[in-house]
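Remember, predicted model here, so these are calculated numbers, not experimental data.
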Amino acid sequence: MAVEIVRSTCPHDCPSACALEVERLAPDRVGRVHGSRANPYTDGVICAKVARYAERVHNPDRLTTPLLRDGPKGSGRFKAIGWDEALDRVAEAFDAARRRHGPQAIWPYHYGGTMGLVQRDGIERLRALLGTSLQDSTFCIALADAGWKAGVGHKWGVDPREMMDSEVIVLWGLNAVHTQVNVMTWVAKARKARNARVVVIDPYRTATAEKADLHLMPRPGTDAALACAVMHVLFRDGFADRAYLARQTDDPDALEVHLYDRTPEWAAGITGIPAVEIETFARLYGGTKRAYLRLGYGFTRQRNGAAAMHAVSCLPAVTGAWAHRGGGALYSMSGLFPVDTGLITADNHRDGTQRWLDQSRIGEILTGGREALLGGPPVTAMLIQNTNPMVVAPDSARVAKGFAREDVFVCVHEQIMTETARMADVVLPATTFLEHDDLYKAGGHTFLGVGLKVLEPPGEARCNHDVLRGLMARLDAPAHVANEMDARELVEETLRLSGLPPADEIAAQGGVDCAASFAKHHFEDGFGHPDGRFRFHGAWRGAQAGVMPDLPDQLDVIEAPDDEHPFRLVTAPARNFLNTSFNETPTGRRLEDRPTVMVPPDDADRLGLTDGDPVCVGNRRGQVTVRLRRLPGLNPGTLVVESLWSNDAFPEGVGINALVGADPGPPNGGAAYHDCAVWLRPASAGTPAAPPLFQEAVSP
């Protein structure tokens, strides 16, 4: 057949949710993938890893038939079985778990392998209807959300297309070249339209920082101190918009007093940024109302990340930039979309007694940690969709011990044989986004997208929605209308209930624009608190709310370096991987080459290390062996490993997140992936042995 161009939406865990044009070469084969020009945000641009998506869809390692474990856990020994037998075995294991310990012994587990509302969030319906344990999703946004909502309240911001009207654009904690390439498209347009100045705030010289007019390089976990010092200068030097502050914020006088001694010199001692650079940035930012603050997740993945997000989000409230086109801020637009997902999630069926287990503490949970289990029954049965916790979850050596337990039944629904799938009792073959129907909200723009089935799936692969329906039927779940629909019908009915156009119409135009009025995006009608005012006194909620600073401040709760662990490690995103997606593709692996730790040259010299040396990075949780790369654009005492590589890329058989703690960040949990104190030694220096990967787990 001739090459046919079909439209879709990228499903991956990225705020861009790009509108796509896909080359369909045959009913079961695609070629290159392009950004859609029908969508004015995507505007024809996508990242290189999605452009070569055919490598993932047509990977020879795709799973195509259900598998049953036929050897010890983790051995990788499986035999093929039919779908009926596979679903029967999963249902029998779930039924046995609930008979012994109650339904909350079952923990359906998922995350952002797809961001589609039907294929990702349908697992919520299974939880609600069966009364299983629920999931507190803390891998990515919990800390950032808490910090943003503490001040702003609503989870949206200024339309990113307004960057065309900005004079200063600040990318704070956002390596957009690696993670949100469309942001750089709009930065380029702003430079062309208004000669906009670009500031990047990131703890190392990223590919994005290379393109900046000004790069500030704080030590990891010190962003709140930088934000406070900038606000000090804004008040001191007359850049604060006192009329806006009086009209739209809660207590500017208390904030100004509080910031009196948060000087650039004070912040320099904490951040490592010279005071003169802080002054320069503050004057550049305060010198225009058309200053656009684009906030990433990176700087919030610290134990003090929520406090940092709140402090940074205060800047446009101090200057009044919110009131001007091209000014203000955006963290996420996901709260803007008028989508009624109740049919998908059945959340009204929750009875209020189900516990919320923290996904980041899966290692503690599977090894019987009573606190992590919230005093409830052990988890003895799991269904895992859309995530690879053996690599992604913090404290991953402990996660591996939990999955090694013979008394925990695990079903993994996956596209390829991941590390987590290898630990499963039953593995089910999953579709990719091109092989099923779905609906997508964006975090980074205002367009709602759809992805309609483009390809026939390989072998016997089935979509998440169909697997969930099959399990609920076998487990006698209460009747629910969504379980009587196929995925396309559920997409269409969700759109109808939400007052949105049908899927074909949305696909044809590259998405439906849900942008609101200037007043709403700029909070002229009020911020998301009862009094409508931006909150400098943070509106903190959660079990650890009492830890949080009342007014924006540097919160001293990070994993600080010490004599034994003199370095701070950042596990940043790689350009050619997206979490563990794409780390199985040949081009992605070739371009990333191998696991590497970036080290400041002075620190490398002091340790007698040169480029390419094998080194061990470790702490009390474990160690990994990587190759060294000297990086001039890096603060002394800071290390960076761009990942996530598969576990088998490391000699220890466990990846970089073995070094990351799983303790919940305040106020209400969240993984602190970039908050890690470590040592660095030559690999030949007799470093301490790594903990055994599969030692006997503690049984509850």
Side-chain angles (χ1 to χ4, degrees), residues 144 146-154 157 170 172 201 218 222-271 275 278-279 281-289 291 293 295 299-300 304-324 327-329 331 522-524 526-541 545-556 666-667:
W148 178 264
K149 291 176 180 177
V152 176
H154 294 306
V170 183
W172 199 311
I201 299 173
T222 64
D223 299 80
L226 173 58
C228 288
V230 170
M231 288 188 283
H232 169 97
V233 175
L234 296 176
F235 277 108
R236 185 197 68 195
D237 292 356
F239 295 116
D241 186 333
R242 296 188 181 276
Y244 183 88
L245 286 163
R247 184 174 70 252
Q248 296 287 96
T249 72
D250 65 338
D251 197 354
D253 292 341
L255 176 66
E256 185 172 9
V257 171
H258 168 72
L259 294 171
Y260 180 77
D261 59 357
R262 270 58 170 184
T263 63
E265 291 74 21
W266 165 83
I270 297 170
T271 65
I278 298 173
E279 296 265 3
F281 169 53
R283 293 185 181 121
L284 176 65
Y285 180 81
T288 176
K289 300 297 187 182
L293 194 59
L295 304 179
F299 75 101
T300 71
N304 63 8
M309 174 62 87
H310 177 237
V312 175
S313 72
C314 292
L315 268 64
V318 171
T319 64
W322 284 116
H324 300 267
Y331 149 61
H522 289 258
F523 302 105
E524 288 186 351
F527 292 89
H529 302 291
D531 60 2
R533 292 175 177 267
F534 182 91
R535 294 288 299 270
F536 295 126
H537 294 284
W540 301 113
R541 299 176 179 85
V547 173
M548 304 305 295
D550 176 38
L551 291 163
D553 213 344
Q554 177 68 18
L555 181 61
D556 189 18

Can you tell me how far apart [atom1] ([X]) and [atom2] ([Y]) are? Round to the nearest 0.5 Å.
{"X": "Leu293", "Y": "Trp172", "atom1": "CG", "atom2": "CH2", "result": "7.0 Å"}
{"X": "Phe523", "Y": "His154", "atom1": "CZ", "atom2": "NE2", "result": "6.5 Å"}
{"X": "Glu256", "Y": "Met231", "atom1": "CD", "atom2": "CE", "result": "12.0 Å"}
{"X": "Leu259", "Y": "Phe235", "atom1": "CG", "atom2": "CZ", "result": "6.5 Å"}
{"X": "Asp251", "Y": "Leu245", "atom1": "CG", "atom2": "CG", "result": "10.5 Å"}
{"X": "Phe536", "Y": "Thr249", "atom1": "CZ", "atom2": "OG1", "result": "4.0 Å"}

[Y] and [X], any side-chain heavy atoms less than 4.5 Å apart:
{"X": "Phe281", "Y": "Val233", "result": "no"}
{"X": "Val152", "Y": "Tyr331", "result": "no"}
{"X": "Cys228", "Y": "Gln554", "result": "no"}
{"X": "Phe527", "Y": "Trp322", "result": "yes"}
{"X": "Ile201", "Y": "Phe299", "result": "no"}
{"X": "His258", "Y": "Asp550", "result": "no"}
{"X": "Val230", "Y": "Leu226", "result": "yes"}
{"X": "Leu255", "Y": "Val318", "result": "yes"}

Heavy-atom pair with the smallest gap, counting every atom of [X] and [Y]:
{"X": "Trp148", "Y": "Ala329", "answer": "CH2-CB, 4.1 Å"}
{"X": "Pro316", "Y": "Gly328", "answer": "CB-CA, 4.1 Å"}
{"X": "Met309", "Y": "Thr300", "answer": "CE-CG2, 3.8 Å"}
{"X": "Leu551", "Y": "Ala254", "answer": "CD1-O, 3.9 Å"}
{"X": "Tyr244", "Y": "Ala317", "answer": "CD2-O, 3.5 Å"}
{"X": "Thr319", "Y": "Gly286", "answer": "CG2-CA, 4.4 Å"}

Report task. Give the C-alpha distance, both sets of side-chain angles, the deciding distance and a yes or no for side-chain contact (heavy atoms from CB on, under 4.5 Å) between Asp553 and Arg262. Result -> CA-CA 9 Å; Asp553 213 344; Arg262 270 58 170 184; 2.4 Å; yes
Requested in this report: May I ask you to check whether Trp540 and His310 place their ring centres under 6.0 Å from each other?
Outcome: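 Yes, the ring of His310 comes within the 6.0 Å limit of the ring of Trp540, centre to centre.
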Requested in this report: Count the heavy atoms belonging to other residues, nucleotides or ligands that lie under 6.0 Å from CG of Asp237, then report whether that count exceeds 12.
Outcome: yes
**Report entry** Electrostatic pair Asp250:Arg535 at N-O distance under 4.0 angstrom
**Finding:**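 Yes.
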Query raised in the report: Ignoring hydrogens and geometry, is there a side-chain-to-backbone donor-acceptor pair from Asp223 to Ala308 under 3.5 Å?
Result: no
Query - Arg541 (side chain) donor-acceptor with Ala150 (main chain) under 3.5 angstrom - result: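 No; zero donor-acceptor contacts below 3.5 Å.
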